[in-house]
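Only one structure is covered here, and it is reproduced in the block below.
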Amino acid sequence: MSDIVLTFPDGATRAVPAGMTGLEVARSIAPSLAKRTVAMIVDGVLQDAADALTRNATIRFVSRTDPEALELIRHDCAHVLAEAVQDLWPGTQVTIGPVIENGFYYDFAKAEPFHPDDLPKIEKRMREIIAKNAPFTKEVWTRDKAKAHFAAAGETFKVELVDAIPAGEDLKIYRQGDWLDLCRGPHMTSTGQIGNAFKLQRFSGSYWRGNAEGPQLQRLYGTAFATDKELADHLRMLEEAEKRDHRKLGREMDLFHFQEDAPGTVFWHPNGWQMFQGLIAYMRRRQVAEGYVEVNSPQLMDRSLWETSGHWETYHANMFVTETEDERVFALKPMNCPGHVQIYKHGLKSYRDLPMKIAEFGCVHRYEPSGALHGLMRVRAFTQDDAHIFCSEEQIAEQCLDINRFMLSIYEDFGFHDVHIKLATRPEKRVGDDSLWDKAEAAMRDVLDRMASDNRVTKTSIAEGEGAFYGPKFEYHLRDAIGRTWQCGTTQVDFNLPARFGAFYVDSDGEKKTPVMIHRAMFGSLERFTGIFLENTAGHLPLWIAPVQAVVATIVSDADDYAREAAVLLRKAGLRVETDLRNEKINYKVREHSLSKTPVLLVVGKREAEERKVSVRRLGSDRNTVMTLDEAIAALRAEAVPPDLASE
RNA sequence: GCCGCAAUAGCUCAGCCGGUAGAGCAUCGCAUUCGUAAUGCGGGGGUCGGGGGUUCGAGUCCCUCUUGCGGCACCA
């Protein structure tokens, strides 16, 4: 057999007989290299170390501590998990077990549900399997053989998976000891390389192929790392993330609560409402600067209006509907758009009026599935910083880009730099001709390309079939503290609603034309944004948005009068300040205000009272700085200016 | 909505094999005037999420509803 030439990362080359496996090559270089090799990268593609090399290529051997090995460790771990589960519960069917962002999962079809006590049992069995260190071996099977094998084994889901593999593609089977699975690979060379730095985390229900109408499976989630330390670090990070859960912070900071009588609906406390209103005030200033006008549309509107808009037909399951004594049917608005079209329609519009930018802090109600509710992140009543831009077709791209610039600058003001924009295209359930969708999507694909070149956008992608029923949309996803991403802003290009309502403008040629409507929200939901912002800051809010900006706390009651006077002066300077004159030790007060995340603690004792000074202690610091009251007021006032009002 | 788990004082939680409810913090009262993350002592506080059932007897066992939690599906 002829030789092939392999090029190594250091530039060295080596001629080897074609057909030699990666492991053989490694062994020929050094036995120690072969020993630590778990996979290889050939011409940039990660593959099994046992694969034969058949052509000239660049090659790099991967050891288990290389970054590229992490997904192999997790994927191998998923296989071992599947074997362990089938060992412990014979008759359980395996389905799929992919690697995900921070670990892996495996979906099983099992008659009896898992129990929390099962996790340690499964882990124990997994460690036994890993200890056996069985080699992973790959075989390529024919479709018939695979189907016959899985059918005989009662693995009906695997049979379906075999059927779904395209005809031209190899059908690969990986064995580890006596166990085997249909798998795309690659894998490491043996189960022992997984190591012991793995953990099963939780289990839950899931749906076969993500279809809620289909069979329900049981999913086990786990994670794995190359070393114990990395695993411990990851678990510690998760614990930290839990501490900044906005539901916990909401209680600690006395911002809001939920109760059984109003599922998915927020009771805002004074502190939370102050923050909420601060966000609205900020957005209102910014929108005015961008040429928006603000309106308010009815909360409850007649059924016929929702029929015209298409909501009655396509959104009914999400709507709160009510019937009055006169037997009229009204619905609480789930969106503001139909109301805004009515405002647009009131009075004749000229092309000179476009683009017309109508904004509303509209409170919408949506009957969300019970299982979807999640603190402030997913509620049934929420306030949108909603706006609709009525414009001509020619103005679409310009308006979308304008919104994009505006949107990103807002996220930056709140410290969000990880922004992922998705273009969601036409869904199955939709209104309007496909020709209109073609037009809207084409315009938006073009805009997406231009957004992608903006260096503030971390990532762009296409989400096929995920658009709103009336038009495609851009979704702005922000990453939260726990690593989950949340959709905040959206921009939706809508050719449908204006036409359905008969909205028009008189163009320069005197003809009536239908305007395009661009729906856009930036915070998206004020509730959700509050939650995301809380988690992102761990409750350490910037001074401008903190509900209580400073507390004046006394050490002795002799300082009470001075503390009261200081608070009055601070309030006169526009700061939100409270006093704490309780007969408690200063340690106690410091602890309490630290736990409730008050940004600034102004401590006054006898000395400060006599010298008209304050001892300033910042949240998160154990140091304090003594300064005059006037200095403190000036410094806090300067710091409390919202980002949009701060002079550069 | 689906699968699993849970709900005990304002908060965090204990309560065994069914025998009639407990701690810490918070609250209230009294004492204490204190220098940067919990001062001491004392008092009050519970339809054990709702309803039904089993039982001589249910916080505990069973059914059901509600809500929450972890995912799935859905979504701002």
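Throughout, protein chains are lettered first and strands after them, A, B, ... in sequence-line order, and every chain is numbered starting at 1.
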Tell me what [X] touches on the nucleic acid: a base, only sugar-phosphate, or nothing, going by heavy atoms under 4.0 Å.
X	value
A/V364	nothing
A/R202	sugar-phosphate
A/Q487	sugar-phosphate
A/I586	sugar-phosphate
A/K606	base

request  = Flag the pair A/F414 / A/F529 as yes when their ring centroid distance falls below 6.0 Å, and as no otherwise.
outcome  = yes

What integer number of Å spans the [atom1] atoms of [N] and [M]?
N	M	atom1	answer
B/A58	B/C17	C1'	14 Å
B/U47	B/G43	C1'	24 Å
B/C74	B/G19	P	47 Å
B/A26	B/G45	C1'	12 Å
B/C28	B/A21	P	27 Å
B/C25	B/A14	C1'	15 Å

remark   = Among the nucleotides B/C75, B/U36, B/G35, whichever has the atom closest to the side chain of A/R528 is B/C75

Which nucleotide in B/G70, B/G35, B/A76 has an atom nearest any side-chain atom of A/S615 = B/G35

Would you tabulate the nitrogen or oxygen pairs shorter than 3.5 Å linking the protein to nucleotides 10-14 of chain B?
| from | atom 1 | to | atom 2 | distance (Å) |
| --- | --- | --- | --- | --- |
| B/U12 | OP1 | A/R251 | NH2 | 3.3 |

request  = Look at A/H374 and B/G71 and indicate whether a side-chain polar atom (N or O) is within less than 4.0 Å of OP1 or OP2.
outcome  = no

message = Within the 4.0 Å limit for protein heavy atoms, which parts of nucleotides 38-49 of chain B are touched? Write it as a string from 5' to 3', B for base, S for sugar-phosphate only, - for none.
response = BB----------

query = RNA chain B in dot-bracket, Watson-Crick or G-U pairs under 3.5 Å, [ ] crossing, | other strand?
reply = (((((((..((((.....[..)))).(((((.......))))).....(((((..]....))))))))))))....

message = Apply side chain to side chain contact (heavy atoms under 4.5 Å, CB included) to residues A/D418 and A/Y411 and explain how you reach the verdict.
response = CA-CA 9 Å; A/D418 195 345; A/Y411 296 151; over 6 Å; no

message = Tell me whether A/E240 is salt-bridged to A/K243, with the criterion being a basic N under 4.0 Å from an acidic carboxylate O.
response = yes

task = Would you kindly give the CG-to-P distance between A/L373 and B/A76, to the nearest whole Å?
result = 15 Å

